[in-house]
**Student:** 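If you scroll down you'll find the structure; I have some questions about it.
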Amino acid sequence: MTKTASEFAAALQSGEATATSIVEKTLERVGAYNAKLGAFTDVIKERALKCASEIDEKRAAGAVLGPLAGVPFAVKNLFDLEGLPTRAGSKINRDHPPAKEDATLVKRLEAAGAICVGTLNMGEYAYDFTGENIQDGPSRNPHNLDHMTGGSSGGSGSAVAAGLIPIALGSDTNGSIRVPASFCGVFGLKPTYGGLSRAGTFPLSSSLDHVGPLARSTWDLAASFDAMKGHDPKDPISPERPVVETLQALPRGIDNLRISIAGGFFREMQLPDASAAVETVAGALGADTEVKVQDTKAARGAAYLITMAEGAALHYERLKTRGDDFDVAVRERLIAGAMLPAWWVQRAQKLRRIYRDRFLALFEETDLIIAPSTPCVAPRIGQKEMELDGETMPVRPNMGLFTQPISFIGFPVVSVPIWPNGSSLPIGVQLIAAPWREDIALRASAYLEAEGVAQAPVAAGFAAH
């Protein structure tokens, strides 16, 4: 039962499986493995089986089924699910009343026939790069249970990599989809800012927050993205504009694409596994030019300032009344954000506009830019420091070295999983496209997958049950 979404959908359409049997076996796998992984925080068995039964009834009646009919999925627990408090990885939110309705993206996936089976572990209030939650315990990397999943969508990465579910939803403010995708060896899509509705999700930093899918195949990313995209008046940044159909674009491959490697800061801070992964992808895609953007290091710092300031504004009352109920590391950063001088934040926003314009200008000469997703493979759970560029640096803030500058400007990215020679752990490579060109990044991802360069196998030990 470790199928991809496309395989589940095909099994249902052909009559090889029923939606009910798919959900039952999915729940069985979750029950068998979740204690090891710490991936799921809530399992919604009755709702999932009811949804599956309704799909089976439609199929028996000859109704046309959605493209994701029978496909199980789960969501980071900052997405609203009717009947559950939206905990957002925190102790405080558990006291909130249950959500009255599902988040927009949950509704859209279920309208396409997919079946939600539960919620997933995450870093507290999505302010985390490790996947270590002090309330629910760490989510664990299926490829080595002693290592991090990355965060903050750690449960999403873990559940997909272990084959518990084929699709998971996560959020990405500074890299929280792409870091777990990198560490857990799965595909992850951070769409253009505003490309998927955030309605019904608990925020961190409104001007930086994105939402998107993680999966074990490019087809699954594209199919789920196509099912979820579209204007949503409930999200003020959701544009009223057509979005390219990505699934139809996948067979076009990389013909006529101009592909470049990100230089400068993106080259300077890599460890050997990250360098090897970028070179592997560059060779497969025929990328032979390098592009540089001035002030990338400063852009990363500016992203930190904006995240801290917006996060502090959001949590100000909670910090005053329930400060002791926060993860200490999260609380300290939010308090620091509340004390930032306004002119620092203003300058950060000014740099944001300048940096975005500089990066956007690159796409006059190229269609796709390659960069590492993370500077290294997954550190061990609890690891506090690492050696990077000849310096001892803290682990927790530095896993987003290469993802933060791209979230900062809201460009679409697919993180593809690469296995460096001799490494038992995967690492991701970012495929960065111009705004609203998710189709280009997904085309390159599909090509790398078809060529056997990017692969997301179910982790050893979880492949059969």
**Student:** Hey, can you tell me if Tyr355 and Phe408 have their rings parallel, tilted or perpendicular (30° and 60° cut-offs)?
**Tutor:**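 Judged by the thresholds at 30° and 60°, the geometry between Tyr355 and Phe408 is tilted.
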**Student:** If we ignore angles and hydrogens, is there a donor and acceptor under 3.5 Å between the side chains of Thr289 and Ser260?
**Tutor:**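 Side chains of Thr289 and Ser260: pair found under 3.5 Å.
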**Student:** When you check the side-chain N and O atoms of Asn121 and Ser139, is any donor under 3.5 Å from an acceptor?
**Tutor:**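 On atom types as modelled, these side chains do not qualify, holding no pair under 3.5 Å.
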**Student:** Do we see a donor-acceptor contact under 3.5 Å between the side chains of Asp232 and Ser197?
**Tutor:**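 Their side chains do contain a donor-acceptor pair, which is all the 3.5 Å distance test asks for.
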**Student:** Please determine whether a side-chain nitrogen of the Lys or Arg among Arg108 and Asp226 lies less than 4.0 Å from a carboxylate oxygen of the Asp or Glu.
**Tutor:** no
**Student:** Would you call Thr4 and Trp219 a side-chain contact if the rule is heavy atoms closer than 4.5 Å?
**Tutor:**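 Thr4 vs Trp219: side chains apart.
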**Student:** Does a side-chain heavy-atom distance below 4.5 Å link Cys376 with Glu387?
**Tutor:** no
**Student:** So, does Asn34 use its side chain to make a donor-acceptor pair with the main chain of Ala39 at under 3.5 Å?
**Tutor:** yes
**Student:** Quick one, Phe266 with Lys292, criterion side-chain contact (heavy atoms from CB on, under 4.5 Å). Give me CA distance, side-chain angles, the key distance, then yes/no.
**Tutor:** CA-CA 9 Å; Phe266 292 98; Lys292 297 180 182 178; over 6 Å; no
**Student:** Do Asp136 and Arg94 sit within salt-bridge range, that is, some charged N less than 4.0 Å from a carboxylate O?
**Tutor:**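 Salt bridge present between Asp136 and Arg94.
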**Student:** Checking the side chain of Asp235 only, and the main-chain atoms of Arg198 only, is there a donor and an acceptor separated by less than 3.5 Å?
**Tutor:**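 Yes, Asp235 side chain to Arg198 backbone: donor-acceptor pair under 3.5 Å.
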**Student:** Run the salt bridge (Lys or Arg N to Asp or Glu O under 4.0 Å) check on Asp327 and Arg396 step by step: do they pass?
**Tutor:** CA-CA 13 Å; Asp327 178 330; Arg396 187 164 185 162; 3.6 Å; yes
**Student:** Check Ile254 against Ala284 and note the closest heavy-atom contact, atom names and distance.
**Tutor:** CD1-O, 4.5 Å
**Student:** Verify whether one side chain among Ser407 and Arg178 offers a donor that lies under 3.5 Å from an acceptor in the other.
**Tutor:**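 Note: Ser407 and Arg178 side chains meet the donor-acceptor criterion.
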**Student:** Should we say atom CG of Asp357 is surrounded by more than 12 heavy atoms from elsewhere, each under 6.0 Å from it?
**Tutor:**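 Yes, CG of Asp357 has more than 12 neighbouring heavy atoms, counting only those of other groups under 6.0 Å.
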**Student:** Measure from the ring center of Tyr193 to the ring center of Phe411 and say whether it is less than 6.0 Å.
**Tutor:** no
**Student:** Could you check whether atom CD of Gln346 has more than 12 heavy atoms from other residues, nucleotides or ligands sitting under 6.0 Å from it?
**Tutor:** no
**Student:** Enumerate the side-chain hydrogen bond (donor to acceptor under 3.5 Å, both in side chains) contacts for residues 300-313, please, sequence neighbours excluded, ordered by first and then second residue.
**Tutor:**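 Listed once each, the pairs are Asn174-Thr307, Ser205-Glu310, Ser207-Glu310, Arg300-Asn398, Arg300-Gln404.
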**Student:** Going by heavy atoms in the side chains, are Cys116 and Leu81 under 4.5 Å from each other?
**Tutor:** yes
**Student:** What's the separation between atom CG in Asp324 and atom NZ in Lys91, rounded to the nearest 0.5 Å?
**Tutor:**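 Atom-to-atom, Asp324:CG and Lys91:NZ are 8.5 Å apart.
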**Student:** Please give me the minimum heavy-atom distance between Pro426 and Val377, naming the atom from each residue.
**Tutor:**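 Where Pro426 meets Val377 most closely, the heavy atoms are O-CG1, 3.5 Å.
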**Student:** Please identify which of these residues, Ser182, Ser445, Ser373, meets the side-chain hydrogen bond (donor to acceptor under 3.5 Å, both in side chains) condition with Ser415.
**Tutor:** Ser373
**Student:** Before you tell me yes or no, could you show the steps for Ile369 and Phe363 under side-chain contact (heavy atoms from CB on, under 4.5 Å), namely the whole-Å CA-CA distance, both residues' side-chain angles and the distance that decides it to 0.1 Å?
**Tutor:** CA-CA 9 Å; Ile369 299 172; Phe363 289 101; 3.8 Å; yes
**Student:** Does any N or O in the side chain of Arg29 come within less than 3.5 Å of the main-chain N or O of Phe462, such that one atom is a donor and the other an acceptor?
**Tutor:** yes
**Student:** Could you check whether Glu449 and Thr218, counting side-chain N and O atoms only, form a donor-acceptor pair closer than 3.5 Å?
**Tutor:** yes
**Student:** Before giving the answer on side-chain contact (heavy atoms from CB on, under 4.5 Å), spell out for Leu196 and Lys229 the whole-Å C-alpha distance, their side-chain angles and the decisive distance to 0.1 Å.
**Tutor:** CA-CA 5 Å; Leu196 290 177; Lys229 70 182 186 307; 4.0 Å; yes
**Student:** Rounded to the nearest 0.5 Å, what separates atom OG1 in Thr192 from atom CD1 in Ile237?
**Tutor:** 10.5 Å
**Student:** Using the side-chain contact (heavy atoms from CB on, under 4.5 Å) definition, which of the options Leu334, Val328, Ile335, Val330 pairs with Glu332?
**Tutor:** Val328
**Student:** What are the two closest non-hydrogen atoms of Ala371 and Val278, and how far apart are they?
**Tutor:** C-CG2, 4.1 Å
**Student:** Do Met399 and Thr130 have side chains that get closer than 4.5 Å, going by heavy atoms?
**Tutor:**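 Counting from C-beta outward, Met399 and Thr130 never come under 4.5 Å.
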**Student:** Would a distance-only check, ignoring hydrogens and angles, find a side-chain to backbone donor-acceptor pair under 3.5 Å from Ser224 to Asp220?
**Tutor:** yes
**Student:** State the CG-CG distance between Asn141 and Leu425, to the nearest 0.5 angstrom.
**Tutor:** 6.0 Å
**Student:** Can you tell me if Arg352 uses its side chain to pair, donor with acceptor, with the backbone of Arg347 under 3.5 Å?
**Tutor:** no
**Student:** Is Arg318 reaching over with its side chain to a backbone N or O of Leu314, donor-acceptor style, under 3.5 angstrom?
**Tutor:** yes
**Student:** Can a donor-acceptor pair be found between the side chains of Lys76 and Ser152 at a distance below 3.5 Å?
**Tutor:** yes
**Student:** Ignoring hydrogens and geometry beyond distance, is a side-chain donor-acceptor pair present between Thr246 and Asp439 at under 3.5 Å?
**Tutor:**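 No, no side-chain donor-acceptor pair sits under 3.5 Å.
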**Student:** Between Gly194 and Pro239, which heavy-atom pair has the shortest distance, and what is it?
**Tutor:** O-CD, 3.2 Å
**Student:** What is the minimum heavy-atom distance between Met148 and Ile381, and which atoms define it?
**Tutor:** N-CG1, 3.7 Å
**Student:** As an exercise, state the distance from CG of Leu368 to CD of Gln430, rounded to the nearest 0.5 Å.
**Tutor:**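 With rounding to 0.5 Å, CG (Leu368) is 11.0 Å from CD (Gln430).
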**Student:** Hey, does the side chain of His210 reach the backbone of Thr173 with a donor-acceptor pair shorter than 3.5 angstrom?
**Tutor:** no
**Student:** Tell me whether the count of non-hydrogen atoms from other residues, nucleotides or ligands lying under 6.0 Å of CZ in Arg258 goes above 12.
**Tutor:** yes
**Student:** Kindly indicate whether the side chain of Leu221, heavy atoms from C-beta on, has any atom under 4.5 Å from the side chain of Phe225.
**Tutor:**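 A side-chain contact is absent here, since even the closest heavy-atom pair is not under 4.5 Å.
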**Student:** Suppose we screen for salt bridge (charged side-chain N to carboxylate O under 4.0 Å, His left out). Which residues come up paired with Glu290, at least two apart in sequence or across chains?
**Tutor:**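 Listed in chain order: Arg267.
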**Student:** Less than 4.0 angstrom from a charged side-chain N to a carboxylate O is my criterion; do Arg437 and Asp367 meet it?
**Tutor:** no
**Student:** Might you work through the side-chain contact (heavy atoms from CB on, under 4.5 Å) test for Leu204 and Tyr127, ending with a clear yes or no?
**Tutor:** CA-CA 7 Å; Leu204 169 58; Tyr127 208 171; 4.2 Å; yes
**Student:** Provide the closest heavy-atom pair for Ala456 versus Pro417 in the form atom of the first, atom of the second, distance.
**Tutor:** CB-CG, 4.0 Å
**Student:** Find out whether Pro457 and Trp419 are in side-chain contact, i.e. whether some heavy atom of one side chain is under 4.5 Å from a heavy atom of the other.
**Tutor:**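 SC-SC contact between Pro457 and Trp419 confirmed.
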**Student:** When rounded to the nearest 0.5 angstrom, what is the spacing between CG in Leu208 and OG in Ser171?
**Tutor:**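 Reported value, rounded in 0.5 Å steps: 11.5 Å.
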**Student:** Taking Arg87 for its side chain and Leu78 for its backbone only, find out whether a donor-acceptor pair lies under 3.5 Å.
**Tutor:**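 No, because the side chain of Arg87 does not come within donor-acceptor range (under 3.5 Å) of the backbone of Leu78.
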**Student:** Do the rings of Phe202 and His315 sit parallel, tilted or perpendicular, given the 30° and 60° boundaries?
**Tutor:**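 Plane angle between 30° and 60°, so tilted.
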**Student:** Say whether, by atom type as modelled, one donor and one acceptor occur between the side chain of Asp325 and the main chain of Ile92 under 3.5 angstrom.
**Tutor:** no
**Student:** Taking the cut-offs as 6.0 angstrom to the six-membered ring centre and 45 degrees off its axis, would you call Arg216 and Phe187 a cation-pi pair?
**Tutor:** no
**Student:** Side chains of Ile427 and Pro420: does their closest heavy-atom pair fall under 4.5 Å?
**Tutor:** yes
**Student:** Does Asp80 use its side chain to pair, donor to acceptor, with the backbone of Ala103 at less than 3.5 Å?
**Tutor:** no
**Student:** Would you kindly say whether Asn93 and Thr86 are connected by a side-chain donor-acceptor distance under 3.5 Å?
**Tutor:**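 No, no side-chain donor-acceptor contact under 3.5 Å.
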**Student:** Nearest 0.5 angstrom please: Thr296 OG1 to Arg358 CZ, how far?
**Tutor:** 9.0 Å
